[in-house]
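Input: a single structure, listed below in structure tokens.
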Amino acid sequence: MNLFIRLFRMVFVHLLTRPKANILDVSRRNYQVWITDHDMFGHMNNSRYTSFMDIGMVHIFLRGRMIGSLHKAGLSPVVMGKQVSFYRPLSFPMRYQLVTQIVCWSKFHVLFQHDFVHKGKVHARGHTIGRLIGARDDRPTMAEVIDRCGWDVPHESPEPTGWQRAILNRAEAEKDTRAPIETAISG
């Protein structure tokens with residue numbers, strides 16, 4: 001429930017202030033670890049990190065005015081996968097900044113990076129890979145999405161690092177894999 005409070009607060013403040021940014025601009029949100037964010041080991045629960053990553057992406061969608069343009073284009077964002085690397089624990093009552101940005105994209109997929117920063121040090125870094133889909137299983141390329149939504153960004157992605165390229169290549173290779181569950185489990 002406390003994540004809903006944080007999400008609604010962010011949306012409410014956005015609706016009041018209406019800040020606008022380019023979708024490639026970095027999003028910075030300040031948070032504090034609440035006692036309800038803890039797990040039994042006394043630090044922020046692993047699932048909280050991925051939930052905050054979602055809030056970071058929503059912030060980019062709101063500031064970049066992406067939600068309306070996606071809706072008009074008949075597109076919906078879909079998360080394909082998430083990964084988090086933990087370097088140092090965050091625990092109550094530490095304050096931290098969630099830094100989220102779109103780092104690159106491939107033909108069909110977009111990669112977000114999320115840094116959890118406390119006193120200038122990255123305590124955790126996460127990545128979310130997703131894509132946009134339309135009605136009736138429409139799977140537009142990122143260039144088509146940029147054109148359909150009228151976003152002011154180049155069709156060409158910023159140059160991915162080797163590791164980012166590997167994530168994007170894997171997602172591209174798996175994009176049409178729709179094996180039935182029984183086959184995937186037994187095979």
Side-chain angles (χ1 to χ4, degrees), residues 1-14 19-34 36-39 41 43-67 70 75-106 108-133 142 145 151 153 157-172 174:
M1 180 64 188
N2 64 11
L3 289 175
F4 282 119
I5 293 168
R6 291 163 169 156
L7 176 65
F8 291 142
R9 180 176 175 234
M10 180 190 66
V11 171
F12 182 73
V13 168
H14 173 80
K20 185 175 181 186
N22 186 291
I23 63 173
L24 297 180
D25 288 347
V26 176
S27 162
R28 298 177 189 278
R29 302 284 306 156
N30 295 314
Y31 294 102
Q32 182 176 10
V33 179
W34 293 354
T36 53
D37 295 329
H38 272 220
D39 62 15
F41 300 110
H43 53 75
M44 194 156 85
N45 185 293
N46 298 344
S47 66
R48 285 290 195 237
Y49 289 90
T50 59
S51 295
F52 277 107
M53 289 162 52
D54 288 342
I55 291 174
M57 289 187 302
V58 169
H59 190 240
I60 285 181
F61 289 148
L62 287 171
R63 289 182 337 142
R65 310 272 200 246
M66 294 170 69
I67 295 173
L70 288 172
L75 299 170
S76 298
V78 176
V79 170
M80 307 293 291
K82 292 184 179 187
Q83 172 272 327
V84 183
S85 296
F86 303 98
Y87 308 119
R88 299 169 189 86
L90 288 172
S91 56
F92 176 79
M94 293 170 72
R95 294 184 182 279
Y96 65 95
Q97 187 173 66
L98 174 61
V99 181
T100 301
Q101 63 183 327
I102 296 173
V103 289
C104 57
W105 57 87
S106 61
F108 293 99
H109 298 87
V110 63
L111 184 64
F112 290 82
Q113 180 171 300
H114 317 268
D115 288 338
F116 294 79
V117 181
H118 172 70
K119 293 186 177 179
K121 293 183 180 176
V122 176
H123 282 241
R125 173 169 288 156
H127 289 89
T128 302
I129 189 159
R131 65 170 299 141
L132 294 158
I133 61 169
M142 287 304 296
V145 168
W151 295 335
V153 296
S157 166
E159 188 62 32
T161 64
W163 186 80
Q164 293 167 346
R165 187 183 316 280
I167 293 173
L168 292 170
N169 289 343
R170 181 175 176 202
E172 291 292 322
E174 293 178 350

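None of the values given here were measured: they were computed from a predicted structure.
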Rounded to the nearest 0.5 angstrom, the CD1-CH2 distance for Ile129 and Trp105 is 13.5 Å
Pair Phe116 + Phe86: ring centers closer than 6.0 Å: no
Between Gln113 (side chain) and Gly126 (backbone), is there a donor-acceptor pair under 3.5 Å? no
Would Arg6 pass as a cation-pi partner of Trp34, given that its NZ or CZ must be under 6.0 Å from the six-membered ring centre and within 45 degrees of the axis? yes
Taking side chain as C-beta onward, heavy atoms only, is Gln101 less than 4.5 Å from Phe112? no
Taken to the nearest 0.5 Å, the spacing of Arg125 CZ from Asp115 CG works out to 4.0 Å
Does the side chain of Thr100 come within less than 4.5 Å of Met53's, by heavy atoms? no
Step by step, would you call His43 with His38 a side-chain contact (heavy atoms from CB on, under 4.5 Å)? CA-CA 5 Å; His43 53 75; His38 272 220; 5.5 Å; no
Checking Leu132 against Leu70 for the side-chain contact (heavy atoms from CB on, under 4.5 Å) test, could you report, in this order, the C-alpha distance in whole Å, the side-chain angles of both residues, the deciding distance, and whether it holds? CA-CA 9 Å; Leu132 294 158; Leu70 288 172; 3.7 Å; yes
Between Asp54 and Lys82, does any side-chain N to carboxylate O distance fall below 4.0 Å? yes
Please test Val84 against Thr50 for side-chain contact (heavy atoms from CB on, under 4.5 Å), starting from the C-alpha separation and ending with a verdict. CA-CA 8 Å; Val84 183; Thr50 59; 3.8 Å; yes
Please tell me if the side chains of Trp151 and Asn22 come closer than 4.5 Å, counting only heavy atoms from C-beta onward. no
By salt bridge (Lys or Arg N to Asp or Glu O under 4.0 Å) - contacts of Arg28 (at least two apart): none
So, does Arg48 use its side chain to make a donor-acceptor pair with the main chain of Thr36 at under 3.5 Å? yes
Decide if atom OH of Tyr87 counts as having more than 12 heavy atoms of other residues, nucleotides or ligands within a radius under 6.0 Å. yes
Can any side-chain N or O of Arg88 pair as donor or acceptor with the backbone N or O of Val122 at less than 3.5 Å? yes
Are Ser157 and Glu159 close enough that a side-chain donor and a side-chain acceptor fall under 3.5 Å? no
Got a second to check how far Ser85's OG is from His127's NE2, nearest 0.5 Å? 8.0 Å
To the closest 0.5 Å, what do you measure between CD1 (Ile167) and CE (Met80)? 13.0 Å
For the atom pair CG (Asp37) and CE (Met44), what is the distance rounded to the nearest 0.5 Å? 6.0 Å
Distance-only polar pair, side chains of Thr128 and His114, donor-acceptor under 3.5 Å: yes
Minimum heavy-atom distance Ile60-Ile23, with the two atoms named: CG2-O, 3.8 Å
Measuring from atom CD1 of Ile102 to atom CG of Leu111, what distance do you get when rounded to the nearest 0.5 angstrom? 9.5 Å
Show me the side-chain donor-acceptor pairs of residues 89-99 shorter than 3.5 Å, one per line, residues at least two apart or across chains.
residue: Gln97; atom: NE2; partner: Asn30; partner atom: OD1; Å: 3.2

For the student: nearest non-hydrogen atoms of Cys104 and Leu168, plus distance: SG-CD1, 3.6 Å
With Arg65, which residues qualify under side-chain hydrogen bond (donor to acceptor under 3.5 Å, both in side chains), at least two apart? none
Heavy-atom pair with the smallest gap, counting every atom of Met142 and Val110: CE-CB, 4.3 Å
Verify, without hydrogens or angle tests, whether Asn45 (side chain) and Ser47 (backbone) share a donor-acceptor contact under 3.5 angstrom. yes
Could you check whether any side-chain N or O of Glu174 sits under 3.5 Å from a backbone N or O of Ala171, counting only pairs where one atom can act as donor and the other as acceptor? no
Please report the C-alpha distance between Val58 and Met10 in whole Å, then the side-chain angles of each, then the deciding distance to 0.1 Å, and finally whether the side-chain contact (heavy atoms from CB on, under 4.5 Å) criterion is met. CA-CA 9 Å; Val58 169; Met10 180 190 66; 3.7 Å; yes
